[in-house]
Amino acid sequence: MKIVIVGLGNIGGSFALNLAKHLPEHEVFGIDVDKEALLYAEQQNIISKGYQNPENIIPAADIIIFSVYPGILKSLIEKYTPYMKENTIITDVTGVKRALINQIEPLLPATVDFIFGHPMAGRENRGLHFSSAEVFEGANYLLTPTERNDSRNINTIKELVQQMGFKEVSLITPEFHDEVIGFTSQLAHVIALSLINSDDPKRETKRYTGDSYRDLTRITNINEALWPELFVMNKDYLREHIGRFKDQLNHLSEAIENEDFNAMKEMMIEARNRYHDLHN
């Protein structure tokens, strides 16, 4: 197959590296606005060839993987679909689904199938140079099929990512995707951002940090162009999760204020049990 990756940043580059490692029988091409990134990808044999103009490669694509910010995906679909051949399969890597599906599915030709997906792995650092063939291995992958999708195409994408080394591929609704990712990923980033930004810069905190602080703030090395889009596109679920987190934070604050040792112990025991359930 001819696989075209649109957007050779960290995630797009990791897809290309992984495909080259696990599925060398497929030809992998790249599209990006950054000519230097394309040249580097060619020189390092990350892709077979890079393009800035989609019309030069999209007509040959069997599978197209969009690894771009969600805010520009609609405009790219509008631009690219006239060049797509019949039975082209499209997928993506974005962290929100409902808003994108509502925007994009009405634009698709009947002969093109978009299987929306989300790899649950990545790195905080941006750019092709931080890509890794190994980052996806053993990770989870989420697919959010819709009524428009052909089951054969869903299986094609599922088999592809399994061959890339993803451990478990889950088929879930777009609604559940946004709800659960709003909690497990987006809320985690909200908490980390709020924690590190609540620091007193005069304290010189870095001189006194340990593993706890470093672990909790690691994900604040964040892509400030991408994450606001994710937050806003999923704001209903995310604000709901923030509200429940505030309730727990207030409950613990009140227990501390009232010196309620039993309440604090109960919260800690419940949290420990939930942690072990999550990791067993």
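Index from 1, following the sequence.
Interatomic distance, Leu238 CG to Glu179 CD, rounded to the nearest 0.5 Å: 11.0 Å. The CG atom of Leu160 lies 8.5 Å from the OG1 atom of Thr156; values are rounded to the nearest 0.5 Å. Residue Thr91 holds its OG1 atom at 11.5 Å from CD1 of Ile5, rounded to the nearest 0.5 Å. In this structure, CD1 in Ile104 is found 7.0 Å from CG in Asp92, a value given to the nearest 0.5 Å. Note: Ile31 CD1 to Ile64 CD1 = 7.0 Å, rounded to the nearest 0.5 Å. Annotation: the span from His26 atom NE2 to Met1 atom CE amounts to 4.0 Å, rounded to 0.5 Å.
Residues Ile181 and Met120 form a side-chain contact, since some pair of their non-hydrogen atoms from C-beta on lies under 4.5 Å apart. Between Asp113 and Ile90 the shortest side-chain heavy-atom distance does not fall below 4.5 Å. Within the 4.5 Å cutoff, side-chain heavy atoms of Met164 are placed close to those of Phe15. Here the side chains of Leu193 and Ile222 are in contact, with some heavy-atom distance below 4.5 Å. By the 4.5 Å heavy-atom criterion applied to side chains, Phe114 and Ile89 are not counted as neighbours. The closest side-chain heavy-atom distance from Ser170 to Leu143 is not below 4.5 Å. Tyr141 has its side chain out of reach of Glu168: every pair of non-hydrogen atoms, C-beta onward, lies at least 4.5 Å apart. By the 4.5 Å heavy-atom criterion applied to side chains, Asp236 and Arg98 are counted as neighbours.
Here the side chain of Ser253 pairs no donor or acceptor atom with the backbone of Leu249 at under 3.5 angstrom. Proximity of a side-chain donor or acceptor of Thr217 to a complementary backbone N or O of Thr220 within less than 3.5 Å is not detected. The closest donor-acceptor contact from the side chain of Lys167 to the backbone of Gln162 lies at 3.5 Å or more, if one exists at all. Side chain of Asn250 to main chain of Lys246: a donor-acceptor pair is present (N/O by atom type, distance under 3.5 Å, no hydrogens or angles). Remark: the backbone N or O of Lys2 is not paired with any side-chain donor or acceptor of Glu27 at under 3.5 angstrom. The closest donor-acceptor contact from the side chain of Asn234 to the backbone of Leu230 lies at 3.5 Å or more, if one exists at all.
Environment of OH in Tyr208: crowded, with over 12 heavy atoms of neighbouring residues, nucleotides or ligands closer than 6.0 Å. For Lys85, the NZ atom sits in a packed shell: over 12 heavy atoms of surrounding residues, nucleotides or ligands are nearer than 6.0 Å. Within 6.0 Å of CD in Glu257 there are 12 or fewer heavy atoms belonging to other residues, nucleotides or ligands. Remark: Lys21 NZ is packed, more than 12 non-hydrogen atoms of other residues, nucleotides or ligands lying under 6.0 Å away. Surrounding CZ of Arg274 are at most 12 heavy atoms belonging to other residues, nucleotides or ligands under 6.0 Å away. In this structure, Arg239 places its CZ atom where only 12 or fewer heavy-atom neighbours from other residues, nucleotides or ligands lie under 6.0 Å away. Within 6.0 Å of CZ in Arg214 there are more than 12 heavy atoms belonging to other residues, nucleotides or ligands.
Counting all heavy atoms, side chain and backbone alike, Pro119 lies closest to Phe136 at CB-CE2, 4.2 Å. Across all their heavy atoms, Val68 and Ile72 have their closest contact at CB-CD1, 3.9 Å. In plain terms, the two heavy atoms of Ala110 and Arg148 that are nearest each other are CA-NH2, 3.8 Å. Heavy-atom minimum distance, Ser67 versus Gly12: OG-N, 3.1 Å. Pairing each heavy atom of Pro70 with each of Val96, the nearest pair is CB-CG2, 4.2 Å. Taking every heavy atom of both residues into account, Pro109 and Thr81 meet most closely at CD-CG2, 3.8 Å.
Just one of Ile65, Val4, Ile47 meets the side-chain contact (heavy atoms from CB on, under 4.5 Å) condition when paired with Val28; it is Ile47.
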Check step by step if side chain to side chain contact (heavy atoms under 4.5 Å, CB included) holds for Tyr69 and Asn223. CA-CA 11 Å; Tyr69 293 171; Asn223 184 337; 2.9 Å; yes
Quick one, Ser131 with Asn10, criterion side chain to side chain donor-acceptor pair (under 3.5 Å). Give me CA distance, side-chain angles, the key distance, then yes/no. CA-CA 5 Å; Ser131 299; Asn10 187 327; 4.5 Å; no
Would you sort out whether Asp34 and Leu38 count as a side chain to side chain contact (heavy atoms under 4.5 Å, CB included), showing the intermediate values? CA-CA 7 Å; Asp34 187 344; Leu38 294 173; over 6 Å; no
What's the verdict on side chain to side chain contact (heavy atoms under 4.5 Å, CB included) for Thr94 and Leu100, showing C-alpha distance, side-chain angles and the deciding distance? CA-CA 9 Å; Thr94 52; Leu100 288 180; 3.0 Å; yes
Go through the steps for Tyr237 and Glu240 under the test side chain to side chain contact (heavy atoms under 4.5 Å, CB included), then give the verdict. CA-CA 5 Å; Tyr237 281 129; Glu240 183 180 323; 4.3 Å; yes
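A salt bridge does not link Lys202 to Asp200: none of the charged nitrogens lies less than 4.0 Å from a carboxylate oxygen.
Residues Val190 and Leu252 do not share a hydrophobic cluster, clusters being chains of Ile/Leu/Val/Met/Phe/Trp/Tyr side chains in contact below 4.5 Å. Using a 4.5 Å cut-off between side-chain heavy atoms of Ile, Leu, Val, Met, Phe, Trp and Tyr, with links allowed through other members, Phe116 and Ile172 fall into different hydrophobic clusters. Put simply, Val180 and Phe183 are part of two different groups of oily side chains (I, L, V, M, F, W, Y) that touch within less than 4.5 Å, one to the next.
Side chains of Gln186 and His241: a donor-acceptor N/O pair is absent below 3.5 angstrom, by distance only. Side-chain atoms of Tyr51 and Asp32 form no donor-acceptor pair, as typed in the model, at a separation below 3.5 Å.
Less than 6.0 angstrom separates the ring centroid of Tyr40 from the ring centroid of His129.
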